[in-house]
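A note on names: the letters A, B, ... follow the listed sequences, proteins ahead of strands, and every chain is numbered from 1. These numbers were taken from a predicted model, which means no experiment stands behind them.
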Amino acid sequence: MSSTSISTYLNSYSKAAPLAVFRVFFGLLMLISIVRFALNGWIQKLYIEPAFFFSYYGFDWVQPPGEWTYLIFAVCGLSAIFISLGFKYRYAIITFFLSFTFIELMDKTTYLNHYYFISTLSFLMIFLPANTYFSVDAARNPILKAEFIPSWTIDAIKLLLFIVYFYAGLAKLNSDWLFQAMPLKIWLPAKYSIPLLGDMLQQSWVHFAFAWGGALYDLSIPFLLLIKRTRAFAFVLVVIFHILTRILFPIGMFPYIMIISALIFFDAGLHTRILNRISTFFKIDLDAFNNSEQYSFNSSISKNFSLSIVGAFFLFQLLFPFRYLLYPGELFWTEEGYKFSWRVMLIEKAGYANFKVVDPETQKRFYVDNTGFLTRFQEKQMSTQPDFILEYAHHLEQHYQNQGIENPEIYVESFVALNGRRSAPYIDPEIDLTTIKRNLKPKKWILPFNDEIKGL
Amino acid sequence: MKRYLLLFLSVSLLISSCKETNPSGPDPDDFDRKAILENWADNIIIPALTNFSEKTESLKTAGNNFAENPGQKALESLRDEWKAGYLALQHVSMFETPKTMEIRFRNNLNIYPVDTAEVKENIGQGDYNLNLPSEIDQQGFPALDYLLYGLAESDTEILAFYNSGNEASAYKEYVLDLVTRIDSLTDVVLNDWNSGYRDEFINNSGNGANSSIDMMVNDYIFYYEKNLRAGKIGIPAGVFSGTPLPQNVEGVYSREFSKELFLESLTATQNFFNGKHFNSETTGLSLSDYLDFLNTIKNGTDLTQLINQQFEESRIKAQNLNSSFTDQIETDNSLMLQTYDELQKNVILLKVDMLQALNINVDYVDADGD
């Protein structure tokens, strides 16, 4: 692409309606998600009850502030309302991004790709003019009000969705998924009590159909959504696919978020109709926003700033998932570079980690009861992920130092079963984990995976 | 849009009609998970509980006889009933229900080591309340173990506690209270199964953290890990403390039954795994069959065989142990540790491999997944 065509593209404008619809529904769904999370009692259960929290490397300073955690959720929910209304949008979306991301950083036990998606999406939206149309901001500020916005600001969201789907599809191109139908073969038969589908889910060909169908769906859906001719069909697929995942897996609000997000691919006509409906219902004068104005950034500095940030953001999104290539060993086994890469539903891991404490002075040795330190959920996550195991060992070291063992040695006997394989020893049981530093370098104390998973 | 909707409808119609007329692969109705629950309830749990309640009834009668006439003969027959009851308990101890948790059934009947100082104080002062959680280690089979075997070296000296001195009636009263409470707690649990809980248990046959299968399997593994592996072998052998604790053996005062109790419990856990009917050679559906069924889908390792093999390995190791684990620990603790290691291997097979295969959540939090 020549530089003139790039600059032509960057200066082209589209109707603002798609981004406005996206903003309205994004805010609404985020609000519902937060309320649902609170009503399920998960704030208490996941962020207040545990005595210890697992931190991302470099983010140990992010800890749940006890009962104040509720306030963070309240702020997050409130900012979602503001986003939906388009009221003080820039402040609202920044507040949302920060509060939501803070929540996710508090304990990596709860990591989900969906949450990471929300964090990245809300970060991107900070730099997009989603409040120039059909928003309180625009209604109150005629200078801001614009019926047209730069096309790239809408395409940015499409690109992010494209990456999420396509990378999720690429990750499925591995021998476990395609040729063993793993881990679907473990998950689906357990859903026997679902009406109608339950019996089908016991059959091998169904597992393979789901595996290949899922991979094909992820890889093709971004293209099908982009191409005008196939768009409506693609959207039907999106709805079916996500409803199905909703039925089969405990997947929360994510399917609805993806369904609504996919609307961004449609032409402005659809969004105008949606806004018309909403306007009629709430007696809003939609025409007041149709001022034929084009949105321009406050200054060329602000425009260039936004463009460079968004550019850097996408460069990061494209490259970061491939960081696993820097690590030796099987990715699914070591999970080094596994997260933040749109690897969704690829592994089923079960583990067991038995920690042994040795006091070198007295040679006294004993085993740790993990339930005294971790919730069941935390223990489950800990026992299959090396970074968790190490962080927990360090926590134990501190605990037993406080108990009067000056220099405890901590060893772990651990076993992990991956995707239906037999359990195998996971961490070198001879390594004193207190001598290992937490960092991002390859973890040589993970025992090798005695099998091969081919693929990306 | 309508066109695609029509397409979707016809495709789904096609799929569903395919299913009815042309089934392929293994028959989906091959495996009935509800039948596992029925087998567990009707052929294992309720019969084992019924048997146990008969034993506790006899124990109570023997206790009454002993209290009325505390002679050598009554002592011996009470000891016999105690032992029979203790062995029968190993077949019901692993089964948790909301009711057993509410009345802390397992702990009230079998927390050891018994707090002998507290038992003596209870007898001396008479102001005890065995319903209190704080008095959980002053009752049940371990307290009887102490009162029937551990008060003194010889039977004559033991009987003296019940026949002479001003506390003799208090001692008899305490024994009576213990056997009565064991019997009445057992009746509560059995009645609960017989009056509605069975149906509730069987009908809760779905999947999810609170379904019967998930809860039962979690409790079963918990029992295997904490009560069998750790309680009967690991803790007394000093696995968790660094130093052996021979006084923490189950049935420590009777001295000679700890191995028998352990083996009975091992057999009971293996029988449950294989769905073997209580007190019978017949087997019905259980975890082993479920694993076999799932294995026909995924063609993996034969977990059932591995787990049964490991049960056998543990049993073989335990055969070499002294019938008194206390003696075993004091003479050669390494055999205890070896038995522990064999038991430990099955923790991994059950907790990691089996749970993964059955896709059972180890977690009661129904949080979102990816």
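Residues forming a salt bridge (charged side-chain N to carboxylate O under 4.0 Å, His left out) with B:R106 (at least two apart in sequence, or on another chain): B:E96. By the salt bridge (charged side-chain N to carboxylate O under 4.0 Å, His left out) test, A:R231 is found to be paired with A:D267, residues two or more places apart in sequence or in another chain being considered. Applying the side chain to side chain donor-acceptor pair (under 3.5 Å) test to B:T326 and every residue at least two apart in sequence or in another chain returns nothing.
Interface remark: A:K191 contributes backbone and side-chain atoms alike to the contact with chain B (heavy atom separation under 4.5 Å). Heavy-atom distances place the backbone of B:S205, and not its side chain, under 4.5 Å from chain A. For A:N419, the part lying under 4.5 angstrom from a heavy atom of chain B is the backbone only. Neither the backbone nor the side chain of A:V206 comes within contact range of chain B, judged by heavy atoms closer than 4.5 Å. For A:L418, the part lying under 4.5 angstrom from a heavy atom of chain B is the backbone only.
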Does B:K34 form a side-chain contact (heavy atoms from CB on, under 4.5 Å) with A:Y192? I'd like the steps, not just the answer.
CA-CA 11 Å; B:K34 198 171 174 177; A:Y192 51 84; over 6 Å; no
Stepwise side-chain contact (heavy atoms from CB on, under 4.5 Å) check, B:F293 with A:Q202:
CA-CA 10 Å; B:F293 165 72; A:Q202 309 302 311; 3.6 Å; yes
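The choice from B:T243, B:L306, B:I213, B:L349 that makes the most heavy-atom pairs within less than 4.5 Å of chain A is B:L306.
Taking every heavy atom of both residues into account, B:V352 and A:A350 meet most closely at CG1-O, 3.3 Å. Across all their heavy atoms, B:V347 and A:Y352 have their closest contact at CG1-CE1, 3.6 Å. Of all heavy-atom pairs spanning B:F240 and A:F366, the tightest one is O-CB, 2.9 Å.
Note that NZ of A:K380 is 8.5 Å distant from CG of B:L355, once rounded to the nearest 0.5 Å. How far CD1 of B:I348 is from CZ of A:R422: 9.5 Å, rounded to the nearest 0.5 Å.
One N or O on the side chain of B:Q356 and one on the backbone of A:E348 form a donor-acceptor pair closer than 3.5 Å.
Of all residues in residues 220-234 of chain B, those placing a non-hydrogen atom less than 4.5 angstrom from a non-hydrogen atom of chain A are B:E225, B:K226, B:R229.
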